[in-house]
Amino acid sequence: MILFCCAMYCEAVPLIREYKLRRNGDNILLEEYTDENGEISLIIIGVGSVTAAAKVACELTLLCSKKMNTDIHIVNVGVCAGTKELRGKIFLVNKITDANTEKSFYPDMLYKVNIPEISLFTCSSPVSVIENNSFYDMEAVGIYTAANCFLSPDRITFLKIVSDNGEERITSQYITSLVEQNISYINEVCSLLSDTMRIQPIYNVDWDMFNEVCDRLHFTVSMKNEFKQIVKYASLNGQDIEKILNQLPETADKKQGKEILDELKKRIV
Amino acid sequence: MSSKNELYNTPFSHIYVEKGAENTITVQKIISKFKNAKVISIDDYRDVFFRPKQDNGKQRNTQALILAVNKDKLIYQGSPMCQNFNNENFYYSSCVMNCIFDCEYCYLKGMYQSANIVVFVNIEDYFSQISELCRDKKIYLCVSYDTDLIALDSVTGYVKKWADFTSNEPNLSVEIRTKSFRRDLYDKLEPCERVIFAYTVSPDEVISKYEHKTSSLKERLEAAQYAIKRGFKVRFCFDPMIYCENYKQHYSDMVNKISEYIDWNDLWDVSMGSFRISKEYLKDMRKNYPYSAVCQFPFDTVEGVCQYPKHIKDEMEKYLFALLTKHMDKDKIFEVDY
């Protein structure tokens, strides 16, 4: 699934509309919006790195307890400060630096995303001066560090739209319009990331049946692990696992189970 | 659904350059070879290479290049799991970490969390330390264990540097191991009896199934043949031997094919050994490469080393040894002892 995170509701509005997201009333901890199929979710994480980190960690804890974390890709969509000429332009972030500590973080740049790349500084308060054509936000470091506790760096993406140069005051309607203007780019990224997540099951194994057989053969945890490895290997080699599992008899104890396991290993390899 | 090529960036589309190294000639030369690459400045290569929770398997689809200065240890004692060819002072050194080839069984996939390639640009520092080390003793040094230097030579140019350096250090012998087809390098180097070019040789079946992006057996043999013709010392490494269906037939075909290209007497020596790997490395490889039958094989673990069950291991090794002894003297066959 794709998990969008936005600091402010006004950044999220175009995404909520585009993906037809609905407020998830079951989530009492966070302001969360989800689609019908559970493939796209969005959370509002607040302004500032610490709040962002706390909320991202909270949401990923909830999601990972339900799903395998390998199914999740987090995408931060939000505005950032940059030079005037770039206002309204969307960027993919390849480096995030904590402006306070100067420590940098690097999301993996694996996918062919047709959006120019930038390095971004995360500051603890709004900037008023843009130095050396840099870009600034207030959440990216928090999002990255929290997300990376759960997800690999290729599953953490930052899309930033330049909204101001630190000098002007901007309205929430203006921010919404900037995200809206760039929705086609966001859509493209979203669809590309979805493609990377469509993975076929690796092993052709009925794991419930596998567990039943383990019980029937009185396998210990270690024997079960060994058996699992044999079954994975056999599956990758195109052997009929269901047939193999069905052929295994019931045993009186783990000693007999071990004999059968040893015999099976010899036969399979 | 999109194909892999449509989804992933091209290899080296992103180059991370350590601050302090960016103005060196080596870095400038390498960057100039990748005109469309995005160059990202980094403080320390470890901030990228050792990031937590990296997906080595996914990164394999589009490796990034990291250019850095190695400030750590540059020379290591050889591992007991590797063949020392009866050399007393056996060391290895990694001026490059990771490989552009994609062998499913490669220990690098378990040793490093990242699939990205690090090129250390301070090769002169390596040379200084080695000169110091071999001042009063003979050293045998493997320089292409954690990478394939020949395969990456168009990027680094390090093969010639190692060969030239070794020629000038009488106490130093180096082994440069490869699975590459490249022959042109031998025209640019002067043969030296202390520089051994070691070809990892596998049956076609193993190469096509498990040694992705590497050269075919024929290409490797042609390259080795050319090296021998030009007067270079060549070693064949039948290591690791990979167990597969009808392996006897595959290994026998391989030996026959070698005979078509190479006079066995021209080989300096050969090494052989069946696949083995540390338990810790295999754990990560199985996680990152769930589709790989080589990684998912139900190995036996003996003192922390995962290997084929004894009956398979012994049978495979005896079989190949018997094949090899038909062509060469036993003294020139080195079996890995572990």
Side-chain angles (χ1 to χ4, degrees), chain A residues 69-70 92-95 97 102-113 116-119 144-145 147-156 191-203 225-239 261-262 264-266 268-269, chain B residues 1-10 13-16 19 37-44 47-49 51-64 66 113-116 243-245 282 286-301 306 308-309 311-312:
Chain A
N69 64 356
T70 48
L92 176 70
V93 179
N94 59 27
K95 176 182 176 181
T97 304
E102 293 187 1
K103 179 152 178 57
S104 296
F105 304 89
Y106 306 88
D108 265 332
M109 297 285 112
L110 304 188
Y111 307 115
K112 269 186 187 157
V113 176
E117 293 177 23
I118 56 165
S119 309
Y144 184 90
T145 45
N148 192 213
C149 295
F150 301 85
L151 309 175
S152 51
D154 59 288
R155 291 176 183 276
I156 309 170
S191 113
L192 191 141
L193 296 177
S194 302
D195 272 356
T196 69
M197 288 188 277
R198 283 190 198 116
I199 304 163
Q200 301 297 318
I202 302 163
Y203 309 109
N225 286 340
E226 195 180 345
F227 184 38
K228 197 173 198 172
Q229 203 55 52
I230 294 169
V231 164
K232 281 181 181 179
Y233 175 73
S235 168
L236 288 171
N237 275 335
Q239 298 191 38
L261 183 63
D262 291 343
L264 181 71
K265 185 172 176 180
K266 270 188 189 163
I268 299 257
V269 304
Chain B
M1 194 172 9
S2 311
S3 74
K4 253 187 189 180
N5 285 346
E6 286 167 346
L7 290 177
Y8 288 95
N9 280 320
T10 50
S13 64
H14 288 75
I15 303 178
Y16 296 87
K19 276 178 195 155
K38 292 183 183 71
V39 178
I40 301 167
S41 170
I42 57 175
D43 292 325
D44 189 311
D47 295 342
V48 180
F49 194 69
R51 283 170 299 167
K53 281 194 169 295
Q54 292 179 79
D55 189 332
N56 188 310
K58 276 217 167 145
Q59 289 175 341
R60 272 274 149 202
N61 293 304
T62 170
Q63 291 165 297
I66 303 169
Q113 274 209 26
S114 176
N116 295 328
Y243 176 70
C244 54
E245 210 179 349
L282 185 66
R286 281 178 170 166
K287 192 183 84 192
N288 284 324
Y289 298 88
Y291 294 95
S292 168
V294 175
C295 294
Q296 300 303 336
F297 186 96
F299 296 102
D300 285 352
T301 307
C306 296
Y308 291 120
H311 67 282
I312 294 178

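We name chains A, B, ... by the order of the sequence lines, and we start the count at 1 in each one.
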Pairs of heavy atoms under 4.5 Å with chain A: top-ranked of B:Pro309, B:Ser41, B:Cys295, B:Ser292:
B:Ser41
Interface moiety of B:Ala64 toward chain A, non-hydrogen atoms closer than 4.5 Å:
neither
Should we say atom NZ of B:Lys19 is surrounded by more than 12 heavy atoms from elsewhere, each under 6.0 Å from it?
yes
Kindly compute the distance separating OG (A:Ser152) from CG (B:Asn56), expressed to the nearest 0.5 Å.
11.0 Å
CG/B:Leu7 to CG/A:Leu193 distance, rounded to the nearest 0.5 angstrom?
9.5 Å
Take B:Asp43 and A:Lys103 through the side chain to side chain contact (heavy atoms under 4.5 Å, CB included) test and state the conclusion after the steps.
CA-CA 9 Å; B:Asp43 292 325; A:Lys103 179 152 178 57; over 6 Å; no
So, A:Gln229 side chain and B:Gln296 main chain: donor-acceptor pair closer than 3.5 Å or not?
yes
Atom pair CG (A:Asn237) and CD (B:Glu245), whose distance is rounded to the nearest 0.5 Å:
7.5 Å
Approximate separation, where rounding is to 0.5 Å, of A:Leu110 CG and B:Lys58 NZ:
7.5 Å
Looking at CZ of B:Arg286 and OH of A:Tyr233, how far apart are the two atoms once the value is rounded to the nearest 0.5 Å?
11.5 Å
Considering only heavy atoms from C-beta outward, does the side chain of B:Pro298 approach that of A:Val269 to under 4.5 Å?
yes
Salt-bridged, A:Lys265 to B:Asp300, with N to O below 4.0 Å?
yes
Part of A:Pro107 lying under 4.5 Å from any heavy atom of chain B:
backbone
Options B:Ile42, B:Asn116, B:Ile312, B:Asp44, ranked by heavy-atom pairs under 4.5 Å with chain A, top entry:
B:Ile42
Using non-hydrogen atoms and a 4.5 Å limit, figure out which bit of A:Phe105 sits close to chain B: side chain, backbone, both or neither.
neither
Interatomic distance, B:His14 atom NE2 to A:Met109 atom CE [nearest 0.5 angstrom]
6.0 Å
Just to verify, what does B:Phe299 make a ring-ring contact (aromatic ring centres under 6.0 Å, His included) with, not counting sequence neighbours?
B:Phe275, B:Phe297, B:Tyr308
Please state whether the side chain, the backbone, both or neither of B:Asn61 comes within less than 4.5 Å of a heavy atom of chain A.
neither
Check this for me, if you would: do B:Arg51 and A:Asp108 make a salt bridge, where the nitrogen-to-carboxylate-oxygen distance has to be below 4.0 angstrom?
yes
Looking at A:Lys95, A:Glu102, A:Lys232, A:Lys228, which makes the most heavy-atom pairs under 4.5 Å with chain B?
A:Lys95
Could you tell me whether the side chain of A:Tyr106 and the main chain of B:Tyr16 form a donor-acceptor pair under 3.5 Å?
no
